[in-house]
A.B. asks: 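Please see the structure below; I have some questions.
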Amino acid sequence: MNKILEVKNISKIYQGKESEILSIHNINFDIEEGEFVSIIGPSGCGKSTLLSVIAGLEEKTTGKIYIENEKVDGISEKIGYMLQRDCLLEWKTILDNTLFGLQIKNQLDKNTKAYAESLLRKYDLYEFKNKYPSELSGGMRQRVALIRTLATNPKILLLDEAFSALDYQTRIMVTHDIYDILRKENITALMVTHDISEAISMSDRVIVLTKRPGTIKNIHEIKFNLENRNPINCREQTEFTGYFNTLWKELGVDG
Ligand code: ADP
Ligand code: MG
């Protein structure tokens, strides 16, 4: 397996109004190509900070980041980012929203447009291409947001609480759809979530952070005895409850 992302000794200090805030401290981990890794930890422990630093949206205070063995400082073309809000533009059609990521990166041409359209077709959204976001369900909107990101051809997708605005039923369906798309397109994923079940259901590994300053408390491998594992069928496995209890305890009062 190839290491696609290496995070080495990352720390981040924010300049607060009165003092410095050490948000994350000495974070080290690697991700292999095609892996799905989740990060969980107490609220305010620095999960979003870590993703923003990896995305190059925030400067790191110490440490190094390598993507496909190349040192990265700042924003990398190889990274896509999905947030809690789908950030679709209500006045643009689904097709124009899908092309928007390419447009702002100056990558919109015949080929990239055809690729974006092929993704819409493959994931059953093409017939909605002339509709507006308000005409779609929350789950479909998240799929459009994902396709907009994938159209720019990232290697690694970062997801920050990407499903937490959705109601429970929709969330389960959307995690299933998104997981399926990421596997089919061979995208490596790093997801922050506060939902332990969501983390277990989607991940090959779960990284647990301590309370702030966030450091790595533990990294758990998640394995199920299933041939075609997905975020729904693994919930019925006996191992699921075991993982849940372990992670629940680890996130307990001592952070
Ligand atoms: P999480 O995503 O785990 O809830 P965050 O990464 O958002 O946590 O925040 C971690 C800590 O860093 C918090 O104490 C927060 O107040 C601080 N922090 C985050 N962003 C900034 C910022 N732009 N300026 C100052 N402090 C910040
Ligand atoms: Mg956060």
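From a predicted model like this one, the values you see are computed outputs, not experimental measurements. Order of appearance sets the numbers: ligands from 1, and atoms from 1 within every ligand. Starting from 1, each residue takes its place in the sequence as its number.
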A.B. asks: Taking only heavy atoms of T49 into account, list the atoms of ligand 1 that are under 4.0 Å away from them.
C.D. replies: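 Those atoms are 5 (P), 6 (O), 9 (O), 10 (C).
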A.B. asks: How about T49: does one of its N, O or S atoms come closer than 2.8 Å to the Mg ion (ligand 2)?
C.D. replies: no
A.B. asks: Is the closest basic N to carboxylate O distance between E90 and R141 below 4.0 Å?
C.D. replies: yes
A.B. asks: Hey, does S48 come in under 3.5 Å of ligand 1, counting only N/O atoms on both sides?
C.D. replies: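 Yes: some nitrogen or oxygen of S48 is under 3.5 Å from one in ligand 1.
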A.B. asks: Do the side chains of D96 and Q103 get nearer than 4.5 Å, heavy atoms only?
C.D. replies: no
A.B. asks: To which protein heavy atom is atom 16 (O) of ligand 1 closest, and what is the distance rounded to 0.1 Å?
C.D. replies: I21 CD1, 4.8 Å
A.B. asks: For ligand 1, which atoms, with element, lie under 4.0 Å from some heavy atom of G46?
C.D. replies: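 Listed by number with element, the hits are 1 (P), 3 (O), 5 (P), 6 (O), 8 (O), 10 (C).
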A.B. asks: Just jot down the ligand 1 atoms closer than 4.0 angstrom to any heavy atom of S23, in number order.
C.D. replies: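 This gives 10 (C), 11 (C), 12 (O) as the contact atoms.
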A.B. asks: Consider ligand 1: state whether an atom of it lies below 4.0 angstrom from any non-hydrogen atom of G16.
C.D. replies: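 No, that is not the case, since the closest heavy atom of the residue is not under 4.0 Å from the ligand.
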A.B. asks: Determine, for K60 against D73, whether the closest basic-nitrogen to carboxylate-oxygen distance falls under 4.0 angstrom.
C.D. replies: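 Result for this pair is yes, salt bridge flagged.
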A.B. asks: Heavy atom under 4.0 Å from ligand 1: found in R212's side chain, backbone, both, or neither?
C.D. replies: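 Contact part for R212 vs ligand 1: side chain (C-beta onward).
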A.B. asks: Is a salt bridge present between E68 and K78, judged by a nitrogen-to-oxygen distance below 4.0 Å?
C.D. replies: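 Yes, charged N to carboxylate O under 4.0 Å.
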A.B. asks: With the threshold set at 4.0 Å, does a side-chain nitrogen-carboxylate oxygen contact exist between K223 and E239?
C.D. replies: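 No, this pair does not count.
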A.B. asks: Indicate yes or no: does an N/O atom of C45 lie under 3.5 Å from an N/O atom of ligand 1?
C.D. replies: yes
A.B. asks: Purely on distance, is any nitrogen or oxygen of K47 under 3.5 Å from one on ligand 1?
C.D. replies: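 Yes: some nitrogen or oxygen of K47 is under 3.5 Å from one in ligand 1.
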A.B. asks: Just wondering, do S38 and I207 contact through their side chains at under 4.5 Å, heavy atoms?
C.D. replies: no
A.B. asks: Rounded at 0.5 Å granularity, tell me how far CD1 in I40 sits from CD in E198.
C.D. replies: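 It is 11.0 Å, given to the nearest 0.5 Å.
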